[in-house]
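On a predicted model such as this, the values are computed, not experimentally measured, just so you know. Counting convention: from 1, in listed order, for ligands and their atoms alike.
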Amino acid sequence: GRASPPLAALSQVLRLERSRRTAVVFPLQKLERYLAPGADTAPFRLFQPGLAALQRAEALFRSDRGHPIDYVSSAVRTDHAPPPALPEVCFIGRSNVGKSSLIRALFSLAPEVEVRVSKTPGHTKKMNFFKVGKYFTLVDMPGYGYRAPQDFAEMVEAYLQERHNLKRTFLLVDGVVGLQKTDHIAVDMLEEFGIPYVMVLTKIDRASRGLLLKNVLEIQEFVKESTQGCFPQLFLVSSVEFSGIHLLRCFVAHVTGNLPTVEAS
Ligand code: GDP
């Protein structure tokens, strides 16, 4: 198998000096200290797991013989999806937002998992299902674009509306450019269906601290004022530097009901 990237395991992160460690594990918290005095800090630390929870989540994402993590199947229609036997999470976002890179980073401790990409224009876009042992499934939804064909929109809509085991939708937003028109279409859809979702800001290594903070505050404000179903805390990730990946693994474990004994905050 392929080698895992340098910070893929918590044991590697724990060797970093304190400030670097916080930046890798809790990238949003790192921004908190640059807020204006009196700013609302609550949305920065709603989900703040301790080491035990992070380790439990990591164990879920690390495959071994008794705990296989596999690509299961692809589907273009919800009725071709695997049986809804396990709690499920799905990842959606514009093409190029960094979705495949993020899913690869999440699964970097299971190097045998192949995250396929079908970007060739004209190719059928599919939902890809991954099974994480007996614990949950993760679905890579096709990237939407501003010319997303109608059948694609219908596939995603049908999935989101019909999938009863879907515990949370992760909507990926580019951390450098913030919410775009197409992202708002996705938000409107999730709001209309009334399903719980969370926003993940990608590629944060490419944004300066000032730009990132501006985007975070704008999106937090939008979430607070204009959404019902969105979790108020944003998740910041870099698949290149591995920041936010451990926390996101932990949140996935949490929403799929796999952190029974460890507290989330
Ligand atoms: P997808 O279309 O959403 O699956 O996007 P990809 O994962 O293929 O990423 C699109 C482009 O962004 C690729 O060139 C990636 O190398 C780049 N990219 C993805 N994630 C990151 C990240 O965290 N940091 C940086 N700097 N680039 C990234």
Side-chain angles (χ1 to χ4, degrees), residues 2 4-8 12-13 20 23-28 30-31 61 71 74-76 89-111 113-130 138-149 152-153 155-156 159-160 169-187 189-190 197-213 215-216 219 234-249 251-252:
R2 276 169 283 134
S4 304
L7 296 174
Q12 296 163 316
V13 178
R20 265 286 284 148
V24 172
V25 182
F26 299 109
L28 183 67
K30 204 68 195 163
L31 287 177
F61 279 90
Y71 160 79
S74 297
V76 289
V89 291
C90 78
F91 285 68
I92 66 170
R94 284 187 298 127
S95 303
N96 260 339
V97 73
K99 186 160 52 63
S100 338
S101 305
L102 175 60
I103 295 174
R104 251 182 246 117
L106 290 170
F107 285 144
S108 56
L109 299 172
V113 173
E114 235 189 278
V115 181
R116 296 139 183 244
V117 278
S118 64
K119 283 192 180 166
T120 333
H123 266 225
T124 315
K125 295 182 169 182
K126 294 178 173 173
M127 309 183 264
N128 297 314
F129 291 80
F130 299 90
L138 185 154
V139 191
D140 180 8
M141 299 295 279
Y144 52 81
Y146 105 111
R147 271 183 285 190
F152 156 77
M155 157 171 62
V156 175
Y159 168 86
L160 293 173
T169 296
F170 292 76
L171 172 59
L172 274 52
V173 174
D174 190 315
V176 182
V177 297
L179 280 174
Q180 304 288 294
K181 212 181 245 176
T182 37
D183 300 321
H184 280 289
I185 294 173
V187 167
M189 182 170 73
L190 294 162
Y197 61 103
V198 51
M199 282 196 215
V200 179
L201 268 60
T202 60
K203 308 185 191 179
I204 61 163
D205 58 284
R206 292 212 332 214
S208 68
R209 193 168 56 215
L211 177 61
L212 192 58
L213 186 59
N215 288 342
V216 163
I219 298 174
L234 306 178
F235 285 80
L236 273 49
V237 295
S238 163
S239 306
V240 171
E241 295 183 343
F242 233 80
S243 20
I245 304 297
H246 302 274
L247 188 63
L248 197 60
R249 282 179 184 152
F251 193 66
V252 169

What closest approach, in Å, do V115 and D140 show between heavy atoms, and which atom pair accounts for it?
CG1-OD2, 4.2 Å

Note: V25 and L247 closest approach over all heavy atoms is O-CB, 3.5 Å

By number and element, which atoms of ligand 1 are closer than 4.0 Å to a non-hydrogen atom of S100?
1 (P), 4 (O), 7 (O), 8 (O)

Check each atom of ligand 1 against the heavy atoms of S95 and keep those under 4.0 Å away; list them by number with element.
2 (O)

For I204, is at least one N or O under 3.5 Å away from an N or O on ligand 1?
no

What about V97: any of its N or O atoms under 3.5 Å from an N or O on ligand 1?
yes

Taking non-hydrogen atoms only, is V240 closer than 4.0 angstrom to ligand 1 via side chain, backbone, both or neither?
both

How does K203 reach ligand 1, by side chain, by backbone, by both or by neither, if only non-hydrogen atoms under 4.0 Å count?
both

Determine yes or no for a side-chain-to-main-chain donor-acceptor pair under 3.5 angstrom, with D174 supplying the side chain and K203 the backbone.
no

With sequence neighbours left out, write down each residue that passes side chain to side chain donor-acceptor pair (under 3.5 Å) with R209, or none if nothing qualifies.
Y34

Nearest heavy atom to atom 7 (O) of ligand 1: which of S243, G93, G143, S101 does it belong to?
S101

Heavy-atom nearest neighbour of atom 26 (N) of ligand 1 within options D205, L102, I103:
D205

Residues in side chain to side chain contact (heavy atoms under 4.5 Å, CB included) contact with I185, at least two apart in sequence or another chain:
none

Between NZ on residue K30 and CG on residue L236, distance to nearest 0.5 Å
13.5 Å

Contact with ligand 1 for S238, non-hydrogen, under 4.0 angstrom:
yes

Does ligand 1 have an atom that lies less than 4.0 angstrom from a heavy atom of T202?
no

Are the side chains of R206 and V240 in contact, using a 4.5 Å heavy-atom criterion?
no

